[in-house]
**Q** 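Can you keep this structure in mind? I'll have questions shortly.
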Amino acid sequence: MDHSTAGAQELLRLGQLEAAFAVAGHHGGLPDGGTRGDSPDDPTLVGRSKKQVEPYLKGTEEIPLPELPFAPRTGFEQSFFIRMLYSCLVDADYLDTEAFMQGSPPPRGSGESIPALLEKVRRQAAHWLNAPTDNPVNQARNQILQSCIDLGRTEKPGLFTLTAPTGGSKTFSSLAFAMEHAAKHHMTRIVYILPYTSIIDQTMDVFNDILGEENVLGHYSSADFQLRESDEMSVKDYAKALASENWDSPVIVTTAVQFFESLFSNRSSRCRKLHNISNAVLIFDEAQTLPVDYLMPCLASIAQLVQHYGSTAVLCTATQPALAPYFQKLAPELPLREICPNSLDLFASLRRTTLKQIGSLSQTELAARLAASDQVLCVVNRRQTAQTIYAMLPKDGSYCLTTLLCAADRREKLEEIRMRLRQGKPCRVVSTSLIEAGVDVDFPVAYREEAGLDSVLQTAGRCNREGRRNPEESFVYLFSLADVSPPQALSQNRNALHHVLRRCPEDLQSPEAVEIYFKSLYSIKGDQALDKKGILDAFNRGRNGCTLPFALVSEEFHIIEAPTKTVYLPIGQGKVLCDQLQREEYSKALFRKLGMYSVSLYPNDFERLDRAGALICTGNDAGILNDLRIYDPNLGLTFPTEDGQAFIS
């Protein structure tokens with residue numbers, strides 16, 4: 001029997017539209033609602049309601065259906081409830097199927113309880129809070145930590161901000177808040193949402209050391225916990241593989257892309273974990289990086305989780321975006337509460353750098369200034385710019401960090417950089433913005449090409465991070481490049497920066513300046529640009545006559561939209577992995593491991609490499625590099641032209 005259609009039809013007859021959607025989609029994905037004119041052949045819910053099915057009356061008395069837990073006020077609110085209900089159904093279906101196929105229920109609920117993990121966090125917190133220190137930075141960190149502990153124990157669930165200067169140990173402090181809060185209110189898990197995969201490993205290391213590896217699940221592109229047909233999989237890895245499918249672990253570390261795209265997906269594989277982010281503490285680290293093009297749908301989702309699903313959300317950053325007006329519009333009964341009430345004083349007392357505008361420089365002039373410093377960080381907007389300037393620097397102690405280096409090489413370079421900084425050796429780093437968020441390095445001086453104010457201040461957070469020097473001696477130089485066109489994608493961010501420079505040129509590092517910047521940026525973009533695909537409107541009003549367009553929105557909601565193709569590098573451990581790929585030994589585990597030895601390119605650059613004979617194409621918009629002369633472990637990927645080597649922009 002077509003039981004999903006039969007179930008949906010019976011639920012529609014009983015007036016249970018939300019459950020009908022979940023049942024109709026529990027195999028093939030949540031369908032669009034459709035229009036009245038849809039035929040039985042259309043894959044929409046309306047079409048399915050008209051389809052002929054075998055008689056099913058025998059099962060209609062088996063399961064009593066409760067009333068909805070709340071009355072949705074908008075189409076978006078209704079769609080969110082449907083997706084959460086769908087998550088419960090498909091996860092239960094998967095679990096029952098696993099139990100049937102294996103003859104017994106598989107192991108679930110791995111990890112220790114929240115109260116047990118809280119004791120580990122408290123021991124670490126006591127170690128830091130009780131350690132004598134006369135360092136102002138450490139004193140401020142302890143102040144932030146104590147505020148997080150106190151409010152975690154006393155505040156009711158809701159929506160919070162944690163605004164603290166860069167280098168204020170927000171990662172551990174926010175974990176302390178989350179553990180105290182989760183234990184107080186009997187919450188089931190903590191979900192840590194990060195903007196970039198490049199900083200997840202660092203966060204995972206911190207959490208693993210404190211909580212134990214068995215209690216922390218990393219679910220992101222290069223995570224390696226996947227089910228596979230092999231007797232070599234350990235019990236620990238098997239438990240984590242199961243947990244990664246539905247986030248059945250006490251602490252989850254994931255990316256904003258994974259988190260939000262799952263919330264707007266219609267596929268069972270991505271949605272089955274969603275019910276497990278209810279009754280949880282959600283920490284959005286580096287909240288200033290929430291995707292502007294999808295800001296309103298993302299904020300609406302956060303508001304739903306807090307309002308109706310028992311979760312607490314914390315927006316954690318040194319550069320807090322001006323989101324209060326939007327939450328007020330989406331959920332007026334949901335106030336934003338600041339965890340660090342004295343954050344303004346902290347920013348003043350923890351000021352460790354002096355921002356200085358130096359106008360326009362050529363790349364040659366910039367390289368000369370960098371070469372004259374023993375230890376210096378320079379952040380630019382383009383990968384090609386980073387490679388060009390790096391080529392002008394002394395080779396000893398100079399580094400180039402861009403996404404044209406594979407993740408394995410970037411990780412190795414960062415370890416070398418930290419070691420040379422500690423030892424006082426020459427260390428000149430030219431990087432793109434990948435070094436800005438969450439990367440723990442401490443330079444005596446920094447340069448930042450004009451971008452958004454949040455990016456400028458994140459770069460400043462890598463300068464005099466430990467407060468060992470006077471702010472007046474730790475300069476962050478803001479510059480533009482005379483011989484490089486600024487990226488069009490950053491034009492509105494730069495315009496907002498210039499607005500702040502006119503309003504408060506002497507105090508760019510204050511929370512007030514950050515608020516002015518974000519208000520200006522959102523104003524320049526306009527409200528429509530904060531939901532550029534019209535996601536909220538599609539659920540509230542329908543799209544082209546189609547109500548509740550789950551499948552349509554799932555196709556449209558992609559935080560990373562630029563189409564890229566992947567080049568796999570047969571270097572180090574990547575050589576064995578590439579050999580497996582060529583032998584077509586495909587598995588999720590293989591592709592996740594290959595992520596450490598890959599570079600993403602725009603299609604035109606990928607095709608240029610292919611035309612030059614530098615790739616072995618493997619399908620699925622990917623290829624293996626077969627000319628290792630054009631990959632430099634210090635510089636990254638380049639590509640050949642008729643005149644020799646050229647750089648990828």
Side-chain angles (χ1 to χ4, degrees), residues 109-129 141-142 144-145 148-149 152 160 162 164 166-183 187-225 236-237 239-244 246-259 273 276-277 280-287 311-317 339 407 411 414-415 418 437-440 592 596:
S110 62
E112 299 175 66
S113 67
I114 292 293
L117 297 179
L118 173 60
E119 291 306 311
K120 296 183 179 185
V121 171
R122 283 179 172 173
R123 284 196 295 271
Q124 182 64 63
H127 172 72
W128 282 335
L129 291 172
R141 287 170 177 166
N142 286 347
I144 295 166
L145 174 57
C148 287
I149 292 171
F160 295 87
L162 173 54
T166 301
S169 290
K170 291 186 294 296
T171 298
F172 178 75
S173 294
S174 60
L175 178 66
F177 171 89
M179 281 292 174
E180 295 284 356
H181 195 74
M187 293 176 164
T188 52
R189 60 185 45 82
I190 292 160
V191 185
Y192 216 86
I193 301 110
L194 296 160
Y196 313 119
T197 56
S198 59
I199 61 175
I200 280 189
D201 287 336
Q202 180 174 294
T203 304
M204 289 284 293
D205 288 343
V206 172
F207 289 176
N208 287 339
D209 287 346
I210 296 169
L211 303 174
E213 187 179 343
E214 69 280 5
N215 296 306
V216 184
L217 172 69
H219 191 193
Y220 52 103
S221 60
S222 59
D224 188 32
F225 299 113
K236 179 183 70 175
D237 284 356
K240 287 209 169 187
L242 294 173
S244 71
N246 65 355
W247 285 6
D248 189 8
S249 184
V251 179
I252 311 293
V253 181
T254 190
T255 62
V257 171
Q258 173 73 232
F259 185 85
K273 58 183 173 285
N276 276 335
I277 59 176
V281 183
L282 313 173
I283 306 291
F284 295 90
D285 195 24
E286 305 294 354
S311 292
T312 281
V314 181
L315 304 172
C316 180
T317 179
I339 293 174
R411 181 183 294 180
L414 278 170
E415 287 304 313
R418 292 187 181 105
V439 179
D440 189 3
R592 288 176 182 270
M596 293 295 293

**Q** With rounding to the nearest 0.5 Å, note down the distance linking OG1 in T254 to CG in L282.
**A**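 Between atom OG1 of T254 and atom CG of L282 there are 11.5 Å.
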**Q** Identify, with sequence neighbours excluded, every residue that meets side-chain contact (heavy atoms from CB on, under 4.5 Å) alongside A126.
**A**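 N130.
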**Q** Within the structure provided, determine whether T203 and Y192 are in side-chain contact (heavy-atom separation under 4.5 Å).
**A**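 Result yes, sub-4.5 Å side-chain heavy-atom pair found.
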**Q** According to salt bridge (Lys or Arg N to Asp or Glu O under 4.0 Å), does anything in residues 170-181 pair up with another residue at least two apart or in another chain? List the pairs.
**A**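 Residue pairs with at least one partner in residues 170-181: R122-E180, R153-E180.
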**Q** Taking side chain as C-beta onward, heavy atoms only, is I190 less than 4.5 Å from L117?
**A**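 A side-chain contact under 4.5 Å is absent here.
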**Q** Taking the side chain as everything from C-beta on, heavy atoms only, tell me whether L211 gets closer than 4.5 Å to M179.
**A**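 With C-beta onward as the side chain, the pair touches.
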**Q** With sequence neighbours excluded, what pairs up with N142 under the side-chain hydrogen bond (donor to acceptor under 3.5 Å, both in side chains) test?
**A**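 N142 satisfies side-chain hydrogen bond (donor to acceptor under 3.5 Å, both in side chains) with no other residue.
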**Q** Ring pair (Phe, Tyr, Trp, His ring centres under 6.0 Å) with F259: which residues, sequence neighbours excluded?
**A**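 Counting only residues at least two positions away or on another chain, F259 forms a ring pair (Phe, Tyr, Trp, His ring centres under 6.0 Å) with F284.
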**Q** Tell me, with the steps shown, if C148 and L162 meet side-chain contact (heavy atoms from CB on, under 4.5 Å).
**A** CA-CA 9 Å; C148 287; L162 173 54; 3.9 Å; yes
**Q** By side-chain contact (heavy atoms from CB on, under 4.5 Å), which residues pair with V206, not counting sequence neighbours?
**A**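 V206: side-chain contact (heavy atoms from CB on, under 4.5 Å) contacts with I210.
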**Q** Can you list the residues that meet the side-chain hydrogen bond (donor to acceptor under 3.5 Å, both in side chains) rule with S173, with sequence neighbours excluded?
**A**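 Scan of S173 (side-chain hydrogen bond (donor to acceptor under 3.5 Å, both in side chains), adjacent residues dropped) gives none.
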**Q** Decide yes or no on side-chain contact (heavy atoms from CB on, under 4.5 Å) for T317 and L315, but give the supporting numbers first.
**A** CA-CA 7 Å; T317 179; L315 304 172; 6.0 Å; no
**Q** Which pair of non-hydrogen atoms, one from D440 and one from R418, has the smallest distance, and what is that distance?
**A**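 Where D440 meets R418 most closely, the heavy atoms are O-NE, 2.9 Å.
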**Q** What are the two closest non-hydrogen atoms of A182 and I114, and how far apart are they?
**A**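 Closest approach of A182 to I114, heavy atoms only: CB-CG2, 3.9 Å.
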**Q** Hey, does N276 have a side-chain heavy atom less than 4.5 Å from the side chain of T188?
**A**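 Contact flag for T188/N276 side chains = no.
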**Q** Is there a donor-acceptor pair under 3.5 Å between the side chain of R189 and the backbone N or O of A280?
**A**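 Such a contact is absent between R189 side chain and A280 backbone.
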**Q** Measuring from atom CZ of F207 to atom CD1 of I252, what distance do you get when rounded to the nearest 0.5 angstrom?
**A**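 Atom-to-atom, F207:CZ and I252:CD1 are 11.5 Å apart.
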**Q** About how many Å separate CH2 of W247 and CD1 of I277, when rounded to the nearest 0.5 Å?
**A**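 Spacing of CD1 (I277) from CH2 (W247) equals 6.5 Å.
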**Q** Return the NZ to CG distance between K120 and L175, rounded to the nearest 0.5 Å.
**A**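 Reported value, rounded in 0.5 Å steps: 12.0 Å.
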**Q** Report the distance from atom CG of L194 to atom SG of C316, rounding to the nearest 0.5 Å.
**A**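 Answer rounded to 0.5 Å: 9.5 Å.
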**Q** How would you list, by chain and number, every residue that makes a side-chain contact (heavy atoms from CB on, under 4.5 Å) with S169, sequence neighbours excluded?
**A**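 With sequence neighbours excluded, S169 shows a side-chain contact (heavy atoms from CB on, under 4.5 Å) to R141, given in chain and number order.
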**Q** Nearest 0.5 angstrom please: S113 OG to E119 CD, how far?
**A**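 If we round to the nearest 0.5 Å, S113:OG and E119:CD are 9.5 Å apart.
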